[in-house]
Protein chains: 2
Amino acid sequence: MKTRKEILVDELVGYLLEHGLSDLSLRPLAEALGTSARLLIYHFKSKEGLLAEVLDSMQTRLRMSLGGMIERRAGQSERPLKLFWDWAIARENYPYLKLLYELQILAVQNPAAYGQYLQRNASNWSALIATALPEAERTPAMVTLLGAVFDGLFLELMSTGDRKRTTQAILQFIRLVDDAREARPAIRGKAAKTSNTGRG
Amino acid sequence: MKTRKEILVDELVGYLLEHGLSDLSLRPLAEALGTSARLLIYHFKSKEGLLAEVLDSMQTRLRMSLGGMIERRAGQSERPLKLFWDWAIARENYPYLKLLYELQILAVQNPAAYGQYLQRNASNWSALIATALPEAERTPAMVTLLGAVFDGLFLELMSTGDRKRTTQAILQFIRLVDDAREARPAIRGKAAKTSNTGRG
DNA sequence: TGTTACATGTAACGTTTGTTACATGAAGAC
DNA sequence: GTCTTCATGTAACAAACGTTACATGTAACA
């Protein structure tokens with residue numbers, strides 16, 4: 001049985017996904033949920049506490065969804081980077097990522113207000129993306145580039161909504177890495193022993 | 001002789017570069033400039049009008065700075081993409097771009113409030129970056145990818161401040177394109193006649 | 001049955017928001 | 001010397017903000 005607070009968190013997540021963070025206000029939020037600002041403060045102590053709990057819940061959900069994807073992809077021939085992209089732009093995950101990108105940007109310009117909600121996910125994130133590369137190619141520059149391609153394309157998707165073109169672009173990147181590898185083959189070594197195929 | 005309003009715009013630009021857009025408020029802003037909210041409204045009619053004029057001024061400055069760079073780079077051997085990157089992360093341009101990225105994100109989540117300030121710069125922007133490619137390689141996927149690499153790396157720079165690593169990453173991308181071209185040479189044609197060297 | 005904890009409604013607090021009314025200087029034009 | 005225009009100061013407006021005080025209902029447990 002869910003507590004009233006847990007039910008509220010669920011509804012709040014939905015509201016935040018739709019309206020974003022930057023102009024969040026308690027009264028309109030409460031009204032949209034059919035409750036009152038009084039209640040939100042009662043359950044979450046403050047607006048700050050509310051945001052903390054809701055964002056936390058969102059990140060947990062996202063991690064679970066990602067874990068499920070990773071389990072399911074076992075023994076699939078698709079490229080890791082493409083799998084990751086498909087997962088990110090899936091209808092059920094996309095709004096979460098969109099909001100986290102907004103949070104990231106707000107925190108850059110206003111760390112005092114938003115920095116506190118950023119977990120050390122950024123590093124986990126890039127570490128995860130890095131596993132799409134064979135170890136021999138996992139240089140800082142290549143890992144940074146890989147993360148940037150992902151971020152940049154996701155941002156472009158956010159701005160234009162063009163799933164088709166952005167997906168073509170990430171396939172283009174995978175092809176680019178393949179072709180470059182052909183011209184200048186990576187040193188094979190421990191990398192050959194890793195489980196992933198090392199194909200972008 | 002500058003009008004009072006033009007002087008104000010200059011000071012406002014400086015303030016916005018420092019504080020960002022998302023929590024802009026007239027009274028703190030006026031106090032930081034040694035004036036009053038009354039005056040700002042007097043000169044700009046409304047907060048909305050103020051933002052419109054100031055952001056417009058910023059985009060003009062940025063375009064002028066970019067134009068100057070393009071003139072100066074004539075007959076330089078550096079790759080176009082690297083030149084563009086160096087220009088973007090230069091101390092005098094970086095804060096402007098940072099703010100425009102914030103604007104872009106805010107507009108995604110809240111078009112009603114921020115969409116009006118977005119010019120059709122996005123398209124100009126990507127068209128400009130595209131000139132770093134030889135015509136034969138200027139496919140939608142490649143142009144999108146190129147823009148995304150730039151955006152993604154700039155975002156990473158905003159978050160981490162690591163100029164060195166992000167610059168290494170863009171050089172890595174240039175190398176990648178070069179190597180891929182070696183393995184699968186682009187069809188030469190009209191592209192060979194363009195002024196740029198077509199080397200990333 | 002009385003007590004305790006959770007949940008909620010109604011109002012208000014003090015502050016900040018963008019904006020406006022009203023009055024007053026300073027400077028140049030006739 | 002009056003008139004007009006630009007610039008500014010002082011106060012106030014209504015609205016929205018996050019938060020709190022106080023009272024009340026419901027349900028479970030003693």
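Below, chains carry the letters A, B, ... as their sequence lines are ordered, and counting in each starts from 1.
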Taking atom [atom2] of [N] as reference, at what distance in whole Å does atom [atom1] of [X] sit?
X	N	atom1	atom2	value
Ile41(B)	dG9(D)	CD1	P	15 Å
Leu51(A)	dG18(D)	CG	P	10 Å
Asp23(B)	dT16(C)	CG	C1'	13 Å
Leu8(A)	dC6(C)	CG	C1'	13 Å
Leu26(B)	dT20(C)	CG	P	12 Å
Leu40(B)	dG9(D)	CG	C1'	14 Å
Leu39(A)	dA11(C)	CG	C1'	15 Å

May I ask you to verify if any side-chain N or O of [X] is less than 4.0 angstrom from the OP1 or OP2 atom of [N]?
X	N	value
His43(A)	dT8(C)	yes
Arg4(B)	dT8(D)	yes
Ser36(B)	dT10(D)	no

Choosing from [options], which nucleotide comes nearest the side chain of [X]?
X	options	answer
Tyr42(A)	dG18(C), dT10(D), dA7(C)	dA7(C)
Arg38(B)	dT19(C), dC17(D), dA21(C)	dA21(C)
Ala37(B)	dT19(C), dT19(D), dA7(C)	dT19(C)
Ser25(B)	dC17(D), dT19(C), dT17(C)	dT17(C)
Arg27(A)	dG18(D), dA7(C), dG18(C)	dG18(D)

Scan Leu24(A) against the nucleic acid and name what it touches under 4.0 Å (heavy atoms): base, sugar-phosphate only, or nothing.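 The answer is sugar-phosphate, as Leu24(A) gets under 4.0 Å only of primed atoms, P, OP1 or OP2.
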Within the 4.0 Å heavy-atom criterion, would you say Thr35(A) contacts the bases, only the backbone, or no part of the nucleic acid? nothing
Take Leu29(A) and His19(A) through the side-chain contact (heavy atoms from CB on, under 4.5 Å) test and state the conclusion after the steps. CA-CA 9 Å; Leu29(A) 186 155; His19(A) 296 82; over 6 Å; no
In Watson-Crick or G-U wobble terms, both distances under 3.5 Å, what is the partner of dA28(D)?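 In the structure as shown, dA28(D) has dT3(C) as its Watson-Crick or wobble partner.
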If each of Lys45(A) and Pro28(A) is mapped to the nucleotide of DNA chain D with the nearest heavy atom, which maps nearer the 5' terminus, i.e. the 5' end?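 The answer here is Pro28(A).
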Is it true that atom CD of Gln116(A) has more than 12 heavy atoms of other residues, nucleotides or ligands lying nearer than 6.0 Å?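 Atom CD in Gln116(A) is crowded, with more than 12 foreign heavy atoms closer than 6.0 Å.
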Test: Arg163(B) cationic atom under 6.0 Å from Tyr94(B) six-membered ring centre, within 45° of axis: yes
If hydrophobic clusters are built by linking Ile, Leu, Val, Met, Phe, Trp and Tyr wherever their side-chain heavy atoms come under 4.5 Å apart, do Leu50(B) and Leu39(B) end up in the same one? no
Hey, what's the ring geometry for Phe150(A) with Phe84(A), parallel, tilted or perpendicular (30° and 60° as the breaks)?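 Geometry flag for Phe84(A) against Phe150(A): parallel rings.
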